[in-house]
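Below is one structure; the comments refer to it alone.
These numbers come from the heavy atoms of this one structure, side chains and all, not from hydrogens, waters or symmetry mates.
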Amino acid sequence: MVSGDVVSPQSVQAFFVGCTNMGQGATAQISAKLAGNTVRWWQGSLTTLSGIGPAQAVHVAPAPVMTDTVLIAVNANGTVAESYIAIALAYVGPIWQPVRNMSTKSTTGMDTGQTVNTGMAGTEFVSPGWMRRKAVVDHESLDLADVPVLEQIAYMSATDSNVLF
C-alpha cells in the first residue's frame, strides 16, 4: 500500500502505477481524499501492453479533483514469482491533453535494452535489461495555448521530472 499526504490540497487528474513485478490479474484501488472526504475512488486490474512487459494501472478522472491525501492499495493476487511486490514508478498529478486531437499518423512502439555476451565458440548469450514503451505523437497543428505547456514539459523532462501524457 502506498499512501501520500501532500502539504496543501493539489489538483490531480491522473493516477498511475507501473514498472511492477506483477502480472495481469493484480488489482489496484485508488482513493483520493480532501479533508477526510473521498473525492475520487477507482478499482481496476493491472494490465500489460499486449501481454508483454510489467503490469500497470492507469486511471484518468473525467475532471481534475482537489485532494490532500491519496491512497493506492495493490494486491498481487498471486501474480508475483518473487517474495515481494515491487512498484518502481507511481504517478499522481495533472495530465496534459492537447487542445486539438492528435493525428492518425501517431505511432507507438517499444525500445529494449539487452546485454549480449559472445562466447569463444561464437555462441551469443542474451540477457534482457529493460523495456521502455514509447509513443510518437504527431499533431497536424497545435493550438497556441499548447506551446507554453510543451516548453514546460521539455523543461521538466530535462530536470528529471515526470509528466503523464
Side-chain angles (χ1 to χ4, degrees), residues 1-102 106 108-111 130-137 139 142-165:
M1 194 166 358
V2 178
S3 178
D5 293 326
V6 292
V7 177
S8 60
Q10 301 289 319
S11 176
V12 301
Q13 189 173 3
F15 305 86
F16 171 78
V17 175
C19 298
T20 71
N21 64 339
M22 294 176 275
Q24 292 189 165
T27 58
Q29 290 181 342
I30 298 171
S31 174
K33 295 184 178 189
L34 180 62
N37 298 313
T38 302
V39 292
R40 188 74 192 156
W41 189 86
W42 177 82
Q43 178 177 330
S45 295
L46 277 70
T47 60
T48 61
L49 181 64
S50 301
I52 300 171
Q56 65 179 19
V58 179
H59 173 66
V60 177
V65 294
M66 293 298 290
T67 182
D68 58 10
T69 305
V70 175
L71 173 70
I72 301 173
V74 177
N75 186 336
N77 294 327
T79 65
V80 178
E82 296 90 355
S83 60
Y84 60 91
I85 294 175
I87 300 173
L89 181 61
Y91 176 86
V92 174
I95 188 170
W96 178 70
Q97 296 171 307
V99 174
R100 295 188 179 123
N101 290 332
M102 63 182 175
S106 299
T108 60
M110 191 175 350
D111 291 333
W130 51 269
M131 274 191 322
R132 176 180 60 196
R133 293 181 316 159
K134 65 179 179 177
V136 177
V137 180
H139 291 277
L142 288 172
D143 193 89
L144 287 177
D146 287 326
V147 174
V149 177
L150 290 171
E151 290 173 349
Q152 183 66 21
I153 288 172
Y155 171 75
M156 290 175 67
S157 175
T159 59
D160 207 25
S161 295
N162 291 316
V163 175
L164 188 61
F165 166 76

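- Here the side chain of T20 pairs a donor or acceptor atom with the backbone of A55 at under 3.5 angstrom.
- The minimum heavy-atom distance linking G25 with N77 is given by the pair O-ND2, 2.8 Å.
- One distance of note links CE of M66 with OG of S8; it measures 7.5 Å at 0.5 Å rounding.
- Formation of a donor-acceptor pair under 3.5 Å by the T67 side chain with backbone atoms of K33 is found in this model.
- Nearest heavy-atom pair, A14 versus P94, reported as atom, atom and distance to 0.1 Å: CB-O, 4.3 Å.
- Between F15 and V70 there is a side-chain heavy-atom pair separated by less than 4.5 Å.
- Residues I87 and G18 come closest through the heavy atom pair CG2-O, 4.0 Å.
- In terms of modelled atom types and a separation under 3.5 Å, the side chain of Q24 and the main chain of T47 share no donor-acceptor contact.
- Between T79 and G23, the closest heavy-atom pair is OG1-N, 3.1 Å.
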Before you tell me yes or no, could you show the steps for R40 and I30 under side-chain contact (heavy atoms from CB on, under 4.5 Å), namely the whole-Å CA-CA distance, both residues' side-chain angles and the distance that decides it to 0.1 Å?
CA-CA 8 Å; R40 188 74 192 156; I30 298 171; over 6 Å; no

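- In this structure, the side chain of N75 does not engage the main chain of T27 through any donor-acceptor pair within 3.5 Å.
- Between the NE2 atom of H59 and the CD atom of Q29 there is a distance of 12.5 Å, given to the nearest 0.5 Å.
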